[in-house]
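Here is the structure we will look at, set down as structure tokens.
Nothing here was measured: the structure is a model prediction, and the numbers come from that model. Side chains included, hydrogens not; waters and symmetry mates left out as well; all remaining heavy atoms used.
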Amino acid sequence: MAEGSWIRRMFEEGAVLKQRYGEENVFDLSLGNPVMEPPPEFHQELKKLAEHPIPGMHRYMPNAGYAETRVAVAEQLSLETSIKFVMNDIVMTCGAAGALNVVLKTILNQGDEVIIFAPYFVEYLNYVDNHGGVARILPADEQFMPKLDVLEANIGAKTKAVIINSPNNPTGVVYREDLLHQLGEILNKKEAQYGTQIFLISDEAYRKIIYDELKYPSPLRHHRQAIIVTSHSKDLALPGERIGYIAIHPDCSRRDELVDGFIFCNRILGYVNAPALMQRLVRHLQSITVSVAEYQRKRDFLYNHLTNVGYSVVKPQGAFYMFPKSPLEDDVAFVRELQQLKVLTVPGRGFGAPGHFRIAYCVDDQTLECSVAGFKKAAQKFGPS
Ligand SMILES: Cc1ncc(COP(=O)(O)O)c(C=O)c1O
């Protein structure tokens, strides 16, 4: 708990500051809680259902979810990836977090290794641990891309999965097609060498929040033993509603057995099924996303300000995070300095990457605009990063 709670700790210290100085005088960029409301289509669908309830709509259902919702997800994914998904490739879950836990519970035996690249979404470590796995953490390069030679050297007979997250939390980087291709080739080679199945778990929670008119490079086009875990927490701004899904590559070996495992684990981990009402709604919203242009505008504003005052930042191409270098070697000390200036961020060591700090810019414009004075003062005090 002590190790993995930097975001929480910053959030709680921020709450004390807000009490002392007033909510409007503290600029909280510590949490990835989307500022945007769900798109209008969400409320239209909600109203339709409230006004015309469907008999039985609050009852138990199959643990994989409603067939109509699974079909809608499969159709949208087929469009996006040019890979033909069908209903049986999809299991509806309680968010991406639920999806990850269900997948790990299904595939891991005690002591199996799961490779994770730093900086990482810190809950991965807890989820792997939940299901008896061992997290093997590998470094990324200066641009936050996985180091493939290090990956190759670290895959062994016990490697059961590699988790990737693009667009990435905390860095915002998007993995290029050529990198995914090479990664897929390494996994294929190692599977042949050890006679194992190595799953590529693609955490796509931010897949639709992608900038500069990039088309999302799907990892599934480069490895067949691949599983998507994702949700509508960010793309429809519904994190409190806990709605997401697992999608397995249709050509994955032992696909049917794996899907049966997902359905079973969704049940026995106590999720039972993804929320019924949300399944009914997102069925109609598969091609809808919150305003990505809004997030891109916020990214541009912050990136320009930070780089102008001397921060070294890899320009994010998706999600709503930035991960600048800390001007002080000690990222915790720097985050505390920012706290003194009423700007709340999270030290990089909370993501396995000391020497950086994370900014979540999914906040209103006023908070963002007011935060830049603090960033500037800190840069003036400590010099460029
Ligand atoms: C990279 C990543 N994966 C998974 C999740 C969990 O998402 P959900 O709210 O859908 O469970 C988050 C949430 O912030 C995330 O940043």
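With sequence neighbours left out, the side-chain hydrogen bond (donor to acceptor under 3.5 Å, both in side chains) criterion links N33 to no other residue.
Remark: aromatic rings of H305 and F301 are close, center separation under 6.0 Å.
Here the closest non-hydrogen pair linking S30 and A360 is C-CB, 4.4 Å. A319 and Y211 get closest at one heavy-atom pair: O-OH, 2.5 Å. The two residues P217 and L180 make their nearest non-hydrogen contact at O-CD1, 3.4 Å. Taking every heavy atom of both residues into account, I116 and Y120 meet most closely at CG2-CB, 3.5 Å. S233 and P239 get closest at one heavy-atom pair: O-CD, 3.1 Å. Smallest separation of non-hydrogen atoms from A96 and S231: N-CB, 3.3 Å.
At a threshold of 4.5 Å between side-chain heavy atoms, the hydrophobic network of Ile, Leu, Val, Met, Phe, Trp and Tyr places Y216 and L214 in one connected group. The same ILVMFWY cluster, assembled from side-chain heavy atoms under 4.5 Å apart, contains both I115 and V150. Follow the hydrophobic side-chain contacts under 4.5 Å out from Y175 and you never reach I210; the two are in separate clusters. No chain of hydrophobic side-chain contacts below 4.5 Å, direct or via other Ile, Leu, Val, Met, Phe, Trp or Tyr residues, connects L341 to L306. Grouping the Ile, Leu, Val, Met, Phe, Trp and Tyr side chains by contacts below 4.5 angstrom, directly or via other members, places M61 apart from L269.
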Pair M322-Y311, side chain to side chain contact (heavy atoms under 4.5 Å, CB included): steps then yes or no: CA-CA 11 Å; M322 250 174 237; Y311 287 92; over 6 Å; no
Derivation of the side chain to side chain contact (heavy atoms under 4.5 Å, CB included) call for V332 and V335: CA-CA 5 Å; V332 174; V335 162; 5.8 Å; no
Trace of the side chain to side chain contact (heavy atoms under 4.5 Å, CB included) decision for Q197 with C252: CA-CA 10 Å; Q197 189 173 14; C252 186; 3.7 Å; yes
Evaluation steps, side chain to side chain contact (heavy atoms under 4.5 Å, CB included), between Y295 and K234: CA-CA 11 Å; Y295 280 132; K234 318 289 173 167; over 6 Å; no
Residues H356, F144; criterion ring pair (Phe, Tyr, Trp, His ring centres under 6.0 Å); working and verdict: CA-CA 12 Å; H356 294 79; F144 303 125; 5.5 Å; yes
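The line from CZ of F117 to CG of D141 is 10.5 Å long, rounded to the nearest 0.5 Å. Atoms CZ and CG, from F375 and L368 in turn, are 8.0 Å apart once rounded to the nearest 0.5 Å. Taken to the nearest 0.5 Å, the CE atom of M10 stands 13.5 Å off from the CG atom of L29. To the nearest 0.5 Å, atoms CG (D28) and OG1 (T345) are separated by 9.5 Å. With rounding to the nearest 0.5 Å, the separation of NE2 in H249 from CZ in R255 is 11.0 Å. For the atom pair OG1 of T159 and CG of L187, the computed distance is 9.5 Å after rounding to the nearest 0.5 Å.
Contact check on R349 versus D331 returns a salt bridge, with a Lys/Arg side-chain nitrogen under 4.0 Å from an Asp/Glu carboxylate oxygen. Ion pairing between a basic and an acidic side chain is recognised when a charged N comes within 4.0 Å of a carboxylate O; R299 and D212 show such pairing. Using a 4.0 Å cut-off between a side-chain N of Lys or Arg and a carboxylate O of Asp or Glu, K189 and E152 qualify as a salt bridge.
For E51, the CD atom counts as densely surrounded, since its 6.0 Å shell holds more than 12 non-hydrogen atoms of other residues, nucleotides or ligands. More than 12 heavy atoms of other shown residues, nucleotides or ligands fall within 6.0 angstrom of atom NZ in K315. In the displayed structure, K18 atom NZ is contacted under 6.0 Å by more than 12 heavy atoms of other residues, nucleotides or ligands. Atom CD of Q19 sits in a sparse spot, with 12 or fewer heavy atoms from other residues, nucleotides or ligands closer than 6.0 Å. Under a cut-off of 6.0 angstrom, the local environment of CZ in R297 is crowded, with over 12 non-hydrogen atoms contributed by other residues, nucleotides or ligands. R280 CZ: more than 12 foreign heavy atoms inside a 6.0 Å radius. In the displayed structure, K325 atom NZ is contacted under 6.0 Å by at most 12 heavy atoms of other residues, nucleotides or ligands.
Considering only heavy atoms from C-beta on, H232 stays 4.5 Å or farther from E241 through its side chain. P275 has its side chain within reach of C94: a pair of non-hydrogen atoms, C-beta onward, lies under 4.5 Å apart. Within the 4.5 Å cutoff, side-chain heavy atoms of R70 are placed close to those of N88. Two residues are said to be in side-chain contact when any heavy atoms from C-beta on lie closer than 4.5 Å; I359 and P324 meet this criterion. For the pair M145/R176, a side-chain contact is recorded, criterion being any heavy-atom separation below 4.5 Å from C-beta on. At a threshold of 4.5 Å between non-hydrogen side-chain atoms, the residues Y271 and N101 count as touching. Considering only heavy atoms from C-beta on, P167 stays 4.5 Å or farther from Q317 through its side chain. Residues K377 and Q340 are not in side-chain contact: their nearest non-hydrogen atoms beyond the backbone lie 4.5 Å or more apart.
Side chain of E123 to main chain of A97: no donor-acceptor pair is present (N/O by atom type, distance under 3.5 Å, no hydrogens or angles). Looking only at distances, a side-chain donor or acceptor of D89 sits under 3.5 Å from a matching main-chain atom of V86. At least one donor-acceptor pair closer than 3.5 Å links the side chain of N25 to the backbone N or O of Y21. Remark: side-chain polar atoms of Q225 are not paired, donor with acceptor, to backbone N or O of I198 under 3.5 angstrom. Remark: side-chain polar atoms of T93 are paired, donor with acceptor, to backbone N or O of G95 under 3.5 angstrom. For N266 (side chain) and N63 (main-chain N/O), a donor-acceptor pair under 3.5 Å exists by modelled atom type. A donor-acceptor contact shorter than 3.5 Å is absent between the side chain of D235 and the backbone of A237. Side chain of D364 to backbone of T367: a donor-acceptor contact under 3.5 angstrom is found.
A donor atom on one side chain and an acceptor atom on the other are not found under 3.5 Å apart for H181 and D178. A donor and an acceptor atom, one from each side chain of Q286 and E75, are nowhere located under 3.5 Å apart. Under the 3.5 Å distance criterion, with hydrogens and angles disregarded, a donor-acceptor pair is assigned to the side chains of Q193 and K190. Using modelled atom types and a 3.5 Å distance limit, the side chains of H223 and N188 yield a donor-acceptor pair.
In this structure, Y124 and F121 have perpendicular ring planes: the angle between them is above 60°, well past the 30° mark.
Cluster partners of Y245, using a side-chain heavy-atom cutoff of under 4.5 Å among ILVMFWY residues and allowing indirect links, are F42, L46, L49, I54, M57, V73, L77, I83, F85, I90, M92, L220, I228, L236, L238, I243, L277, M278, L281, V282, L285, I288.
Across T230, I201, V103, V259, a single residue satisfies side-chain contact (heavy atoms from CB on, under 4.5 Å) together with I246, and that is V103.
The side-chain tip of K298 does not point at the ring of F320 from less than 6.0 angstrom away and within 45° of straight on.
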